[in-house]
Amino acid sequence: ADDADTEIIYTLMVTCQNLGYFDEVKKYAAEGYKLIKSTLSGESKEIMTADTSKVDKVSPKVMRELREYGTFAYLSGEFTVAYTCYDILMNQGCGDVAPYLASCLADKGSYQEALDMLLDYTKANETDALCDAKMVYCYMQLGNYKEALSLIDRAMSYESQGALKELLYEKGVALEYTGDFNGAYECFSEYVLKYPEDEVAKREYDFLVTRVTKNKK
């Protein structure tokens, strides 16, 4: 295995991600993560163990390695490794990794810090599926349901993004918490039709059927 192998897998993974082939993304991510972890240069390994805020300017090769390593790690669910890579890249001036760094922060439970980073990022950049979906997630975790609802429909409108199931569920929950039981019922009706295997959502739907029926009496 060499750098060419890693670059090929990385290109395939990103292409599948852009096309919405998420099962293939996971497959290539796992393959690429295992490969790059075993072939990472000594310089990159040394930087990964250093204080990221004190790392001097690094070479283009290391920047490329860390970007690939971070992406493979992130899409493989290795968020601790991904966080380190993205933190270094951010400190090197790569502002485009902010949404991914924020996602890692949210995974660690730092919802407000992640949200603040995303809000700051969107001031100077167009929003996209990842930004909006992650902001919705942070708002929900923080109990800010009205703010979540203001973003959910836009987040769900992007083509080829893999969070539609989660967003639809969160929309139903947010509507319920804001007192819109009819809207929540409609949302969960759509959800259980699309995802009948979700028993938790089915119980929520059954509750809303009862609640809406009582309100009509």
Side-chain angles (χ1 to χ4, degrees), residues 17-18 20 22 25-26 70-71 74-75 77 79-80 82-83 86-87 90 95-216:
Q17 186 179 28
N18 291 337
F22 298 107
V25 169
K26 291 179 180 179
T71 304
Y74 176 80
L75 293 173
F79 296 113
T80 300
Y83 176 87
Y86 292 135
D87 194 31
M90 275 287 286
D96 62 299
V97 303
Y100 301 97
L101 182 58
S103 294
C104 295
L105 286 168
D107 180 75
K108 293 165 61 176
S110 301
Y111 306 118
Q112 189 62 58
E113 187 179 356
L115 182 60
D116 290 342
M117 181 176 290
L118 288 167
L119 289 171
D120 186 60
Y121 175 81
T122 56
K123 290 177 182 177
N125 300 272
E126 291 186 10
T127 59
D128 57 21
L130 174 62
C131 284
D132 281 352
K134 193 55 62 175
M135 282 193 287
V136 166
Y137 175 73
C138 290
Y139 278 132
M140 292 292 292
Q141 296 302 312
L142 292 167
N144 298 333
Y145 303 112
K146 289 184 179 179
E147 289 85 350
L149 281 170
S150 70
L151 280 177
I152 283 178
D153 287 335
R154 187 175 74 186
M156 294 176 69
S157 70
Y158 295 101
E159 294 182 4
S160 300
Q161 68 106 343
L164 289 175
K165 180 179 179 181
E166 291 78 7
L167 286 167
L168 184 58
Y169 183 90
E170 289 175 344
K171 182 177 182 179
V173 173
L175 287 167
E176 185 177 343
Y177 272 103
T178 55
D180 185 355
F181 294 102
N182 288 328
Y185 166 74
E186 292 176 4
C187 193
F188 275 105
S189 295
E190 180 183 351
Y191 185 95
V192 297
L193 185 63
K194 290 183 176 179
Y195 313 107
E197 73 284 355
D198 192 328
E199 294 296 329
V200 175
K202 181 62 169 58
R203 288 195 293 272
E204 192 64 34
Y205 169 75
D206 291 340
F207 163 76
L208 287 165
V209 169
T210 303
R211 181 63 185 258
V212 170
T213 301
K214 285 183 178 179
N215 288 344
K216 289 181 178 179

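Because only heavy atoms are used, hydrogens play no part in the values below, and waters and symmetry mates are left out as well, while side chains stay in.
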Ignoring hydrogens, what is the shortest heavy-atom contact between [X] and [Y]? Give both atom names and the distance.
X	Y	answer
Glu176	Phe181	CG-CE2, 3.7 Å
Ile152	Lys171	CD1-CA, 3.5 Å
Asp198	Val200	OD1-N, 3.1 Å
Leu175	Cys187	CD1-CB, 4.3 Å

From [X] atom [atom1] to [Y] atom [atom2], the distance as rounded to the nearest 0.5 Å:
X	Y	atom1	atom2	answer
Leu118	Asn125	CG	CG	11.0 Å
Leu164	Ser157	CG	OG	9.5 Å
Glu170	Tyr191	CD	OH	10.0 Å
Thr178	Lys146	OG1	NZ	7.5 Å
Asp87	Met90	CG	CE	8.0 Å

Which residue pairs pass the salt bridge (charged side-chain N to carboxylate O under 4.0 Å, His left out) test when at least one of the two sits in residues 180-193, sequence neighbours left out?
Glu190-Lys194
When you check the gap from the basic side-chain N to the acidic O, do Asp206 and Lys202 get nearer than 4.0 Å?
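Result for this pair is yes, salt bridge flagged.
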Sequence-distant partners of [X], side-chain contact (heavy atoms from CB on, under 4.5 Å), two or more places apart:
X	answer
Tyr177	Tyr145, Val173
Glu199	Arg203
Met117	Ala98, Leu101, Ala102, Leu105
Cys104	Tyr74, Phe79, Ala82, Tyr83, Tyr86

Residues 128-144, side-chain donor-acceptor partners within the protein, below 3.5 Å, at least two apart:
from: Asp128; atom 1: OD1; to: Leu130; atom 2: N; distance (Å): 3.3
from: Asp128; atom 1: OD1; to: Cys131; atom 2: N; distance (Å): 2.9
from: Asp132; atom 1: OD1; to: Arg154; atom 2: NH2; distance (Å): 2.9
from: Asp132; atom 1: OD2; to: Arg154; atom 2: NE; distance (Å): 2.7
from: Asp132; atom 1: OD2; to: Arg154; atom 2: NH2; distance (Å): 3.4
from: Asp132; atom 1: OD2; to: Tyr158; atom 2: OH; distance (Å): 3.1

